[in-house]
Every structure is written in C-alpha cells, then in structure tokens.
Amino acid sequence: MERPSRQRQREEETEQTSDERLTCPECESGDVVTDADQGELVCNDCGLVLDERQIDRGPEWRAFNHSERQSKSRVGAPITETMHDRGLTTTIDWKDKDAYGRSLSSEKRSQMHRLRKWQERIRTKDAGERNLQFALSEVDRMASAIGVPRSIREVASVIYRRALSEDLIRGRSIEGVATSALYAACRREGIPRSLDEVAEVSRVPQKEIGRTYRYISQELGLELRPVDPKEFVPRFSSSLHLSEEVQSKATEIIDVSAEQGLLSGKSPTGFAAAAIYAASLLCNEKKTQREVADVAQVTEVTIRNRYQEQIEAMGFH
C-alpha cells in the first residue's frame, strides 16, 4: 500500500515544481502556454518566449487504453529488410566476458561457444531462410562496393523477397537475382549506377544480370523508367574535377540532343560521357577522351560517335 502513495506523492512534487518553473520572469504571470509546432514556451500575457527548441521526448503514436499502449511500446533495434529475420532475433556476443566486464572461466567459455554455434544454426530453420540469408549478404556486400545508401539496400531486399515469394528464383543463381534486385533498386530510386558498374562487383556475368533483371522487372511489374543520362553528369564531372559551368553545359547538350531523338537506343553512360567531353571543350576545361572514357567505363569510340551527333545537334561545325 505504500508504493502507490509514494508514487502519487512524487507526481504531486513534480507537478508543483513544474508549476513553479512555468512562471514568467518578466511579468510573473502563470499563464504560460506550450507551442508544440515551434517547440516553445510562451507567456500568454506579455509574449515572452521562456524556452525554445524543445525536444518532444514522447512517442509519435497515440494510445487510448492499456492494451494499445503495450502493443505499441518500442524495444530493441528497428525492423530492417536487409536481414533474413528482419533483425528480430537476438544474438550472443562473441566477447567472453560477463556483464561486469570480467573474463569467463574455461567451462563457461566452452558453454557459450556451444550456445553461439546452436544459435547460428537455429536462426535459419529451412532452405528458404538460408537462401535469403546468403542473398541479402550479397546485396549488402555489392551495395557497399558501389557506394549506394542504405535505403537502396532496403529496396533491393524487398524486391528479392518478392521474387523469392513468387518462386522466380527457381532455375536461376542466387547471386544473379540478388544483383538484378540491386540494379533494379538503383534505377527505381534514381541512383545513377550503370549495369557495368554493378556487374563489376558481382560474381556473375553481365549478360546473365541483364537477362535476369528484365525477367524480374517484367514478372514483378516494377515499371522502371528509362535511365536519364543527366543523372550521371554530376558524378562523372566530380570525378573529372570539372566546374559547375561544364555540368550545366553538358546538361543542356543532353536536353537538346534528346529533343531531336538522338537518345533513343543509346547507352545513357556513353551519352553522358560524350556530353561532358563536348562541354569541357566548349568551356575551355579540356579533358581527353581517354580520361572521360575511364571515368564513365565506356570506350573512346563510343564517345567519338556520340560526340559527333551531339555537336551536329547543337549546330556547331
């Protein structure tokens, strides 16, 4: 019976202290209101701002009874699609130390070793989960190699899960479908990565990646738009240390060429590389075709062919 009374007493004390704090030092008024939108405490009489940039430490959800409050409580790490179990299972730390940082005895160490081994075994209970675990680790490895943000890994994991649930993996390699899912995620989120760049960090040939990508996008109805060459211009220009003037000129060349129908059937990376080469010449920041080709991972012949078409489209001779 003492515990509720203590808690009630503690709440009354906190209410009293909060009432004492919410007194305007300017006009000594107790009419202080909270502006949740601005995160401020404002005196309603004189308009003095008592506190600003307050942090709302409460949850972003509302609960109207005890059961809702319990079901919406937050513990542990957030759910992620990049792990086969969505990060919901627990893991046993590999440090052989107890909660106080003291080393374990040899008997305890052998026991923890057995627990870790069985815990790793039971995390994947069937072949489908083992497939998912290997594929998502491949997606994470390749995403790190080509330098894409974590959101791309999440989208690629969702695409692979959909392909697995609809049995599109049968007859195809796990690495090929995982690479195709990553490439589809890059295109879907507007992250400029060419098929050559993705194939370079993959363990499967580029032809297989392209074939699997077309099959998955068709079966899942991803409705991916064509790659815009302008998306490659900032990254290529940054690697070549070119100015903003060259970037804007290259974008203009791509727009004018695309309006005349020169982009149809052309590689977007080669088209962007040729536009950057032409813009560097026009802006007196000349780069050789070899330098641009190395950055864009295309051949010099491709740059020369696209360059001639773009120059004619711009009306230069």
Side-chain angles (χ1 to χ4, degrees), residues 80-84 86 127-236 239 254 258 262-274 293 295-299 302 306:
T80 174
E81 297 291 339
T82 58
M83 299 178 68
H84 74 282
R86 290 184 170 87
E129 285 197 3
R130 286 194 296 272
N131 178 327
L132 199 58
Q133 184 180 27
F134 175 70
L136 296 183
S137 65
E138 279 293 293
V139 169
D140 193 57
R141 179 189 65 82
M142 292 184 291
S144 299
I146 61 176
V148 294
R150 186 166 185 82
S151 59
I152 299 298
R153 307 179 194 188
E154 294 279 350
V155 175
S157 302
V158 171
I159 293 174
Y160 187 88
R161 286 177 187 273
R162 288 184 58 193
L164 183 63
S165 64
E166 298 189 18
D167 201 21
L168 303 180
I169 316 294
R170 190 182 300 275
R172 293 169 178 80
S173 66
I174 298 175
E175 296 96 329
V177 179
T179 310
S180 303
L182 179 61
Y183 178 63
C186 291
R187 289 193 57 172
R188 190 168 188 174
E189 297 299 309
I191 301 296
R193 292 294 183 273
S194 64
L195 188 59
D196 295 332
E197 291 177 292
V198 177
E200 193 173 312
V201 299
S202 178
R203 297 192 177 103
V204 292
Q206 179 178 342
K207 186 179 293 186
E208 181 182 346
I209 297 171
R211 185 168 58 247
T212 308
Y213 161 73
R214 287 190 293 271
Y215 173 73
I216 286 178
S217 60
Q218 182 179 0
E219 291 295 323
L220 297 180
L222 298 180
E223 298 180 357
L224 301 172
R225 60 182 179 82
V227 179
D228 190 354
K230 291 186 289 186
E231 295 178 350
F232 294 96
V233 170
R235 186 158 61 93
F236 292 168
S239 300
I254 292 173
L262 299 179
L263 181 56
S264 178
K266 304 297 192 306
S267 168
T269 52
F271 209 81
V295 169
Q297 296 183 350
V298 295
T299 62
T302 301
R306 301 292 87 77

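Judged as a salt bridge (charged side-chain N to carboxylate O under 4.0 Å, His left out), and not counting sequence neighbours, Arg150 has no contacts. Judged as a side-chain contact (heavy atoms from CB on, under 4.5 Å), and not counting sequence neighbours, the contacts of Thr299 are Val301, Thr302. Every residue two or more places apart in sequence or in another chain was checked for a salt bridge (charged side-chain N to carboxylate O under 4.0 Å, His left out) with Arg130, and none qualifies. For the side-chain contact (heavy atoms from CB on, under 4.5 Å) test, residues two or more places apart in sequence or in another chain that qualify with Ala273 are Val292, Ala296, Val298, Ile303. Partners of Glu208 according to the salt bridge (charged side-chain N to carboxylate O under 4.0 Å, His left out) rule, which considers only residues two or more places apart in sequence or in another chain, do not exist here. Residues passing the salt bridge (charged side-chain N to carboxylate O under 4.0 Å, His left out) test with Arg153, sequence neighbours excluded: Asp140. In this view, Glu166 satisfies the side chain to side chain donor-acceptor pair (under 3.5 Å) rule with no residue, not counting sequence neighbours.
When every heavy atom of Leu220 is checked against every heavy atom of Ala163, the shortest pair comes out as CD1-N, 4.2 Å. Considering all non-hydrogen atoms of both residues, Ile254 and Ala272 come closest at CD1-CA, 4.2 Å. Here the closest non-hydrogen pair linking Ala185 and Ile159 is N-CD1, 4.0 Å. The heavy-atom pair separating Gly176 from Ser180 by the smallest distance is O-OG, 2.7 Å. Among all heavy-atom pairs drawn from Ala178 and Glu138, the shortest one is CB-CB, 4.5 Å.
Here the OG atom belonging to Ser137 is positioned 9.0 Å from the CE atom belonging to Met142, to the nearest 0.5 angstrom. Atom SG of Cys186 and atom CD1 of Ile146 lie 4.5 Å apart (nearest 0.5 Å). In this structure, Thr269 OG1 and Arg306 CZ are separated by 10.5 Å, a value rounded to the nearest 0.5 Å.
Sorted by first and then second residue, the pairs that involve residues 155-194 and meet ring-ring contact (aromatic ring centres under 6.0 Å, His included), not counting sequence neighbours, are Tyr183-Tyr213. A salt bridge (charged side-chain N to carboxylate O under 4.0 Å, His left out) check over residues 176-185, counting only residues at least two apart or in different chains, returns nothing. Within the structure, salt bridge (charged side-chain N to carboxylate O under 4.0 Å, His left out) pairs that include any residue of residues 170-182 comprise Asp167-Arg170 (at least two apart or interchain). Pairs of residues two or more places apart, or lying in two chains, never qualify as ring-ring contact (aromatic ring centres under 6.0 Å, His included) while including a residue from residues 186-211.
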Task: side-chain contact (heavy atoms from CB on, under 4.5 Å) between Gln206 and Leu195, intermediate numbers included - done: CA-CA 7 Å; Gln206 179 178 342; Leu195 188 59; 3.9 Å; yes

Task: side-chain contact (heavy atoms from CB on, under 4.5 Å) between Thr179 and Val198, worked out - done: CA-CA 7 Å; Thr179 310; Val198 177; 3.3 Å; yes

Open item on the list: Arg193 vs Val148, test: side-chain contact (heavy atoms from CB on, under 4.5 Å). Steps then yes/no.
Closed with: CA-CA 9 Å; Arg193 292 294 183 273; Val148 294; 3.9 Å; yes

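In terms of modelled atom types and a separation under 3.5 Å, the side chain of Glu81 and the main chain of Glu154 share no donor-acceptor contact. At distances below 3.5 Å, at least one donor-acceptor pair connects side-chain atoms of Arg141 with backbone N or O atoms of Val201.
The side chain to side chain contact (heavy atoms under 4.5 Å, CB included) with Ile169 is formed by just one residue from the set Leu164, Leu132, Thr212; it is Leu164.
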Distance-only donor-acceptor pairs under 3.5 Å for side chains of residues 224-236, two or more places apart:
from, atom 1, to, atom 2, distance (Å)
Arg225, NH2, Glu231, OE2, 2.9
Asp228, OD1, Lys230, N, 3.2
Lys230, NZ, Asp255, OD1, 3.0
Arg235, NH1, Glu197, OE2, 2.8
Arg235, NH2, Pro192, O, 2.8
Arg235, NH2, Glu197, OE1, 3.0
Arg235, NH2, Glu197, OE2, 3.3

